[in-house]
Amino acid sequence: MGAPGTLIEDPSGMTAADKAAAEAEGQKAAQAQQGVWAPLSGPTFRMLWLIWMAANTCMWMNDVAAAWLMTSLTTSPVLVALVQSASTLPVFLLGLPSGALADILDRRRYFIVTQFWVAAVALVLCLFVLSGQMTAHWLLVLTFANGIGLAMRWPVFSALIPELVPKHHLPSAMALNAVAMNASRIIGPLVAGAIIASLGSAWVFVLNAVLSILSGIVLIRWKRRHVANPLGRERLPSAMRVGLQFVRESPRMHAVLARTVCFFLQCTAVMALLPLVAQRLHGPTEGGGGAETFTLLLASMGAGAIVGAMFLPRLRQAMSKESLIRSGSAVHALATLAVALSPNVYMAVPAMMLAGMALISTANVLGVSAQMALPNWVRARGMSIYQMSIMGGTATGAALWGQVASMVGVRGSLMVAAASGVVCMLLVQRLVRDRQIEEDLSPSKAFQRPEVNIPEAGRVVVTIEYQIDPTQAEAFRALMQESRRSRMRQGALGWSLLHSMSHPERYVEQIIDESWTEHLRRFDRVTAADVALRDRKLAYHKGKEPPRVTRYFDTP
C-alpha cells in the first residue's frame, strides 16, 4: 500500500486526478453539445417532468383562485395576506419530515399519495364553494392542507431525478424542472384568471383535482422497482435525526446552504416589493401601474428564466461553480438596481428578464451542488433541508426588505438589497469555502456487516484499535477528523478518538450507535468515498494485524 497522498499512475502516464479531470471536461462538453433538452429523451423523466409541470400549474392556479376567493369572503387585509402564508408555511414546517418519509418509503407510492392528497383537497374546496359553505377561516385551513401536499411532493420529486438521468445530465434535468416551474408561473395564473372570469373559482379547483388524479393514474402505471431494506423501515424520529446530522457534518452542504440563504435573501427583495414597484411605474396602457403591469413584470421574469435555462449548459462549461454563483448574484443585483431606477415599464421588463436569467442560473448551480453532495439513501432529507434554506432566506428577506422599504422607500430598499447582496455573497464564499471536490457517493459493499443476530437492546459501542508511528501521529489525528464526519454522517450517535497513556502508539476510535439495527444500517450507507477514507487510515496503521474491531453493548 502506498504512502498517504501518493498518486498512482497508469501506463498512459496520466494520474488518477488527471483522468478524473479529463472525464469531467468530457462530460461538460457532451452536456453543452446535447443542450438542456437532452434529459427529455428518457421516457420516464419526460413523464415525470410533464407531471411536475402539471403540478406546478395546479399550484399557481390554486393560489390565484384562493386569493381571489378570499377577497369575496372578507375585506380584512390580514386574512387576504394569510392565504399566501397558509400555502407556503407547510413547506417550511414539514420539509424535513416529508423528506424523511420520502427516504424510508417507496418513493413512487409516496409520490402517488401526494397527487391524490392534492386532488382530495381540491374537491373539498370545490364542494365548499358550490354549496355556499365556504368561509375565510375554512379557506385558510384548506389552503394549508393543499400546502401539505406541496410539502410532501417536492422532496420526493427531487430525490427521484438522479435515478432517472445520467450524472452529466443532472444540471440540464434540474434546469428543465426550473423551466417547468417558471412556465407554470405564467400559464397557471392565466388559466385560473380565464376560468374565474367565465365559470367561477370553484371550477379552478375542479381542474386541479382532475389534473392531479390523472397524474396519479400515470404514476400508478409507472413500473419502478422498490428494493425494501432487509432491516426494515427507519423510525421517523431517527430518520429525521440522521438527515439533520448528515447535513451538519457535510462541509459541502454547509457551503451550499450558506450560499443559498445569502442569494435568496438578496433576490427576494425584487419579488417581495414588486407590487409596489408596479404601482409607481407607467404601464403599457394609459394610467398604468395596475394589475396588468404587475402581471407583465411577473411574466417577464418567468420568460427570462426560461431563456436563461437554454444557455445553462454552455455557462457551466465556461465557468466554475463558484464563478457562476458570484456572477449570478452580481447580475441579479444589477437587475434589481435597474428595476429600482426604471421610470417606466418598458425599462423594467428587460430588467426583470435579466433577473429571471440570473435567478435560474444561480439556483441551478446551487441545486445541482446540493444533489451532488448527497448519497441516494439520504437525498430526500438533504434536499428538503436545502428547500427549507430557500424558504428561510426568502421569508427573512421579504420581512427585512419590507421593513427597510418602510424606512427609506421602495427604491432605496431595492438599492440596499442589490449592494448588500453582492457583498454578502463575496463574504460567504470567502468564509464558508466549497472545497470543489466531488466525493464518490455511489454505494459500496466493501464493508461486510456482522452475520450475527443480536436480540439484546441498547446502544452499541464499537472500538477500532490502531497502531500509529508517533512521528505520523499529528497527520493521523487530522485524518481521523474526516473519519468522525464520515461516521456521524452515516448516523452514529457519538464519536471519539482515545490515545493510550501507557502505549503512545495506540489509538482507539470509538463509535456509538443508537441500537444494533442502527449499527447495521451504517454498513448499507457506506460509499466509495468512505472506502477510500478507510484505505487512507489503514496506510497509517503499523501493526502486523489489521486494526482490531470490538463491539460492546452499553448496558445500564
Side-chain angles (χ1 to χ4, degrees), residues 84 88 91-92 178 181-182 185 253-278 297-298 300-302 304-305 308 312 315 319-342 348 350-370 385-434:
Q84 186 65 27
T88 57
V91 180
F92 185 78
M181 293 181 69
N182 283 281
R185 178 182 292 181
M253 283 300 293
H254 290 179
V256 171
L257 296 180
R259 285 154 178 75
T260 299
V261 171
C262 178
F263 177 70
F264 282 92
L265 186 71
Q266 170 226 331
C267 77
T268 197
V270 71
M271 284 298 297
L273 300 176
L274 195 60
L276 300 176
V277 171
L297 294 177
L298 273 179
S300 299
M301 189 172 190
L312 268 174
L315 285 175
M319 303 171 69
S320 68
K321 290 189 297 184
E322 291 292 281
S323 297
L324 270 171
I325 294 171
R326 188 164 51 247
S327 300
S329 296
V331 171
H332 197 283
L334 181 64
T336 301
L337 185 63
V339 170
L341 299 177
S342 295
M352 289 300 295
M353 291 188 67
L354 187 64
M357 294 178 190
L359 176 63
I360 196 173
S361 301
T362 311
N364 178 264
V365 174
L366 293 169
V368 172
S369 298
I385 293 172
Y386 166 72
Q387 175 70 5
M388 290 168 68
S389 72
I390 294 177
M391 298 296 294
T394 300
T396 303
L400 172 64
W401 303 122
Q403 184 63 32
V404 173
S406 68
M407 295 185 292
V408 299
V410 173
R411 178 173 292 179
S413 180
L414 291 175
M415 294 173 70
V416 172
S420 62
V422 174
V423 174
C424 177
M425 185 59 75
L426 291 174
L427 286 175
V428 166
Q429 286 189 319
R430 183 177 181 85
L431 298 176
V432 188
R433 293 190 177 276
D434 186 343

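The structure presented is a predicted model; accordingly, all values stated were derived computationally and were not measured.
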Checking Leu366 against Ile390 for the side-chain contact (heavy atoms from CB on, under 4.5 Å) test, could you report, in this order, the C-alpha distance in whole Å, the side-chain angles of both residues, the deciding distance, and whether it holds? CA-CA 10 Å; Leu366 293 169; Ile390 294 177; over 6 Å; no
Show your reasoning for whether side-chain contact (heavy atoms from CB on, under 4.5 Å) applies to Thr394 and Met391. CA-CA 5 Å; Thr394 300; Met391 298 296 294; 5.7 Å; no
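In this structure, the separation between CG on Leu265 and OG1 on Thr260 is 12.0 Å, given to the nearest 0.5 Å. Taking CZ from Arg326 and CZ from Arg259, the interatomic distance works out to 9.5 Å, rounded to the nearest 0.5 Å. Ile360 contributes atom CD1, which lies 10.5 Å from atom CE of Met301 (distance to the nearest 0.5 angstrom). With rounding to the nearest 0.5 angstrom, the OG atom of Ser369 is 5.5 Å from the CD1 atom of Ile325. Atoms CE and CG, on Met352 and Leu274 in that order, are 4.5 Å from each other to the nearest 0.5 Å.
A pairwise comparison of heavy atoms in Met357 and Gly304 identifies CG-O, 3.1 Å as the closest pair. Taking both residues in full, the closest heavy atoms of Leu257 and Ser389 are given as CD2-OG, 3.6 Å, listed atom of the first, atom of the second, then distance. When all heavy atoms of Ala363 and Phe264 are compared, the closest pair comes out as CB-CZ, 4.2 Å. Here the closest non-hydrogen pair linking Val339 and Ala348 is CG2-O, 4.5 Å. Contact record, Ala338 with Ala351: CB-CB, 3.7 Å, taken as the closest heavy-atom pair. Of all heavy-atom pairs spanning Val91 and Met388, the tightest one is O-CG, 4.2 Å.
Every residue meeting the side chain to side chain contact (heavy atoms under 4.5 Å, CB included) condition with Ala258, not counting sequence neighbours, appears here in chain and number order: Val428, Val432. Partners of Phe263 by ring pair (Phe, Tyr, Trp, His ring centres under 6.0 Å), not counting sequence neighbours, listed by chain and number: His332. Every side chain to side chain contact (heavy atoms under 4.5 Å, CB included) that Ser413 has, sequence neighbours left out, goes to Leu273, Trp401, Val404, Ala405.
For residues 356-365, the pairs satisfying side chain to side chain donor-acceptor pair (under 3.5 Å) are Arg316-Asn364, with sequence neighbours left out. The salt bridge (Lys or Arg N to Asp or Glu O under 4.0 Å) contacts involving residues 410-421 comprise nothing, where partners must be two or more places apart or lie in separate chains.
The environment of Met415 atom CE is sparse: at most 12 non-hydrogen atoms of other residues, nucleotides or ligands sit within 6.0 angstrom.
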Acceptor/donor pairs from residues 420-427 side chains to any protein atom, 3.5 angstrom cut, sequence neighbours excluded:
from: Ser420; atom 1: OG; to: Val416; atom 2: O; distance (Å): 2.8
from: Ser420; atom 1: OG; to: Ala417; atom 2: O; distance (Å): 3.3

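Remark: side-chain polar atoms of Ser406 are paired, donor with acceptor, to backbone N or O of Gln403 under 3.5 angstrom.
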